[in-house]
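Note sheet for the following structure.
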Amino acid sequence: MRDDAQSYEFYCLADRTFYDTPTNRGADHPDFEPATRPVPAGWQHAPGETWMHYAPEGLQLPQQGWKIHVSARLADVERTLETVWAYCVPRGIAFKFLRNEAVLVMANSKAAPRGSSGKLVTIYPADEAQLELVLKELDDLLDDVRGPYILSDLRYGEGALFVRYGAFVSRFCLSPTGERVLALEDDHGQLVPDHRGPTFSMPPWVALPTFLQPHLDARNAVTTNDLAYSIESVIQFSNGGGVYLGHHNETGDRVVLKEGRPHAGLDISGRDAVARIAHEHEILERLQGLDVVPKTYEHLELGEHHFLVQEHIDSVSLQRELVSRYPLSRPDATEADRAAFAEWATQAVEQVTKAVGQLHDRGVVFCDLHPDNVLLDADGRMVLIDFEVATLAKDKARSTLAHPGYAAPADRQGVEVDRYALACITLGVYAPQTTILLNFHPGKAFQLADMITETFPVPRATIDAAVRTVVGPEVTSDPELAELALPGKAEWADVRAALTKAITASATPERTDRLFPGDIAQFRSGGGINLATGAAGVLYALAKTDAGRFPEYEEWLRKQSLDTEAGPGLYDGLHGVAHVLDELGHRQDALDLVDRTLADDWSTRELGLHSGLSGIGLSLLHFDTEPALRAQAVRVLDLVAERLGDIDDVPELSGGQFPRAGLMYGSSGPALLFLEAFERLGDTGLLDLAEIAIRQDLRRCTPTPEGMIQVNQGWRTLPYLEEGSAGIALALQRYLRHRPNDELAAILAQLERVAHCSFYVQPGLFMGRAGLLLTAAALGAEQATVDDLVYGLGWHAMPYAGGLAFPGQQLLRLSMDLSTGSAGVLLALGSALHTAPASLPFLGPPQWSESSSRLFAPKEV
């Protein structure tokens, strides 16, 4: 697990209000004892958020090679770390280990990345001879240590040691999808992607050391051939194991096989997936005969893995059915649409309630009730699945592994845990995912109730009963939210003041890693200062909406930008910081930052606006009055033009194994660069390139039955500013200003319809409602559309420090940054409501004039 690749839950460990680095976890999660020792004489130590790194001074390791990973269950951690320390330090072998138990549990939880999970220690042998020796000697020293199987690695013997060939230092290259990724050097001296998946593989030019061949043979000898079942497909994977669709080899009956990996997929009580599989089998045996649970056939072992074989139910989840029926995710939903949905939702909630009641009658508490664990078949049968954490009602216990949007607070035990989840389902079918917000402000339920009953024809008594279950019968209102200046209800000046109050109250100028709390990306290099997730973006939004200037915070940004390892990107690096400093009047500081970026090797930079050449080129155009930067801008334009390709050079799908479409990572970023350059240079060839880039993104879009055009990812479509159709619409609108085209104008109208929906799961600027609001305002949408987008921000509005704030990505914590949080909402509201409409850099009115300098004379086509 790399320090920059953690899940959002990992950054929830330290603070209940904001995402924060686990190093700020406090006394509740102390580091493992070896991490507290004095650094050995002659050694270097580099502490990280997750890993504690140790290496002898002056050690010259290769840049890549075979590395050893040590896995250990919780009971074996202390002994394992002591053994590795005592072995590696006197022998001068570099190593690192996870810093504390909370990090280890999160890294090995059910939701953890499967490819990296299980690693407690990484050891870096200097060569293959040392690799063999370390494996042999440590295998003896750790002979009875057990831990989860590391899926990305080859297991050495039957113990806790695993090996993988990979990078020892961070080098980068462009992947086949055009993204900047960690790299290895191949046998021709070229950098290629360092693939880190959940299966063991070797680069094709690397030979497996001879002594490892028996271990590879042993791994390949494990098959499912001895099972009485054949696996047909994967339903889903988690770190605890897979869920597979299969059939019985003799009868042909279709079944579901649920896998539990030993020591993997830990919950908060430390139970692994195997223990939960056994527990689920016991619970289902207790519930057999009920039509609302699947039949269970057997509990078996294959190797060390356990499988629970259950009835296959040809069905869809309640969550998927909700998504397909939800009217507010379609444009211009009518009252009839809302009424029909409310009727269906009422019946669905009643059916879930009856099903849970049958469990309670058998003395069982589900403890993990949420729409993904409720199945609906074609005949109307409703079935509850996933009883791993179910408890007995008499035990009055709590769940050890629950969906954050339905997890009961600490004062609920036993059947009250399920009743809380039922209340959240009652609210959540009308306001999907927003019940996550109840975790850190239960009173939000009162406002959700108001918005639900204002939007849907559902009886107020039904919603109020759910609210009472959430907040408790003794609580009748929430004064904080009642007095809050909400978008769409309060005046713009009051909303702006409330947002500003919350943003400034969250500031931590005493910290050096961040000024304003935001997305987890701010804990990567430079993330605390940058435009997307750092101080630069927040100060930009405050300034652009005339919310105020804050000299103390500007000075913090100037100081921290002098000492950062941030890359050159516009939204994630120094060019974005430079742009904001220039906007705030710190021209020389901005130029100094831009100068620092010129030493970067642009060959490994992607094309996109967020981190790549398009954003860098736009920034250089912004500073084109400086001769040296003018020449660099031309160089970047040439690089982007050379690498753009033709329309058909991109696939018809976005994301996954394919390059992403959209404004921030797709071809609309290069389009924006070419358009900005055309407006400054007058070269119509740049318009030709802009059209190619826009059509590349349109190639990765698909029409919907509701008349929208959205980015097509194959399994879903996206409307958003960052990676969806909204960002493409902004680039296309700008192109059409210069070169009208009836076909593209008609496409723009369909792209724009994504802003006519009334609900978006997240409020943020890049991947949520605020981005659609900014898009609608920029495209000149009808006032009713803009008003609806403004009002709808209330679904996610939260009080903080007497002001107004919004949750960030995943909705698990509040965020103040530009891309995911409150500053982005502020900027979007400013684009629609401020007297001088605000915008993102290079998306507003041109910042040049006819008297501006040009890089070169216009060319004729």
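Heavy atoms only: backbone and side chains are in, while hydrogens, waters and symmetry mates are out.
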Do side-chain atoms of [X] reach the backbone of [Y] as a donor and acceptor pair under 3.5 angstrom?
X	Y	result
R813	C12	yes
R99	G48	yes
T435	G405	yes
S117	A107	yes
S654	A661	yes
S561	R558	yes
R514	T508	no
S619	I616	no

Among residues at least two apart in sequence or on other chains, which ones pass salt bridge (Lys or Arg N to Asp or Glu O under 4.0 Å) with D592? none
Sorted by chain and number, sequence neighbours left out, salt bridge (Lys or Arg N to Asp or Glu O under 4.0 Å) with R769 holds for none
Atom pair [atom1]/[atom2] of [X] and [Y] - distance to nearest 0.5 Å:
X	Y	atom1	atom2	value
H586	E554	NE2	CD	4.0 Å
L751	L779	CG	CG	9.0 Å
L804	L499	CG	CG	4.0 Å
L591	D582	CG	CG	7.0 Å
T434	M451	OG1	CE	9.5 Å
R605	L613	CZ	CG	8.5 Å

What is the minimum heavy-atom distance between [X] and [Y], and which atoms define it?
X	Y	result
S668	D697	OG-OD2, 2.6 Å
D478	G443	OD2-CA, 3.2 Å
M708	C757	SD-SG, 3.9 Å
P659	R700	O-NH1, 3.4 Å
A823	A541	O-CB, 3.4 Å
I503	S506	O-OG, 2.7 Å

Run the side chain to side chain donor-acceptor pair (under 3.5 Å) check on D519 and T533 step by step: do they pass? CA-CA 6 Å; D519 190 68; T533 62; over 6 Å; no
All side chain to side chain contact (heavy atoms under 4.5 Å, CB included) counterparts of T512, not counting sequence neighbours: Q560
Kindly write out the residues that satisfy side chain to side chain contact (heavy atoms under 4.5 Å, CB included) with S109, not counting sequence neighbours, or none if the list is empty. M106, A111, A112
Taking it one step at a time, do L818 and L840 satisfy side chain to side chain contact (heavy atoms under 4.5 Å, CB included)? CA-CA 10 Å; L818 182 72; L840 285 169; 3.9 Å; yes
Donor on one side chain, acceptor on other, T820 and D817, under 3.5 Å: yes
Side-chain donor-acceptor contact under 3.5 Å, E49 with Y11: yes
Does a sphere of radius 6.0 Å around [atom1] in [X] hold more than 12 heavy atoms from other residues, nucleotides or ligands, not counting ones at 6.0 Å or beyond?
X	atom1	value
K501	NZ	no
E510	CD	yes
D601	CG	yes
R549	CZ	yes

Identify each donor-acceptor pair in which a side-chain atom of residues 790-798 lies under 3.5 Å from a protein atom, sequence neighbours left out, and give them as a table.
residue	atom	partner	partner atom	Å
Y791	OH	E454	OE1	2.4
H796	NE2	V761	O	2.7

Contact check, side chains of L675 and F842, non-hydrogen atoms, under 4.5 Å: no
Note, F10 side chain near T50 side chain (heavy atom, < 4.5 Å): yes
Would you say the ring centers of Y19 and F523 fall short of 6.0 Å from each other? no
N/O donor to acceptor pairs below 3.5 angstrom from side-chain atoms of residues 725-732, sequence neighbours left out:
residue	atom	partner	partner atom	Å
S725	OG	I709	O	3.1

Would you please test D572 and R180 for salt bridge (charged side-chain N to carboxylate O under 4.0 Å, His left out) and show each step? CA-CA 13 Å; D572 69 343; R180 192 169 187 256; over 6 Å; no
Candidates Y571, Y720, Y760 - the one meeting ring pair (Phe, Tyr, Trp, His ring centres under 6.0 Å) with F766: Y571
Of L774, L843, L826, which meets side-chain contact (heavy atoms from CB on, under 4.5 Å) against S831? L774
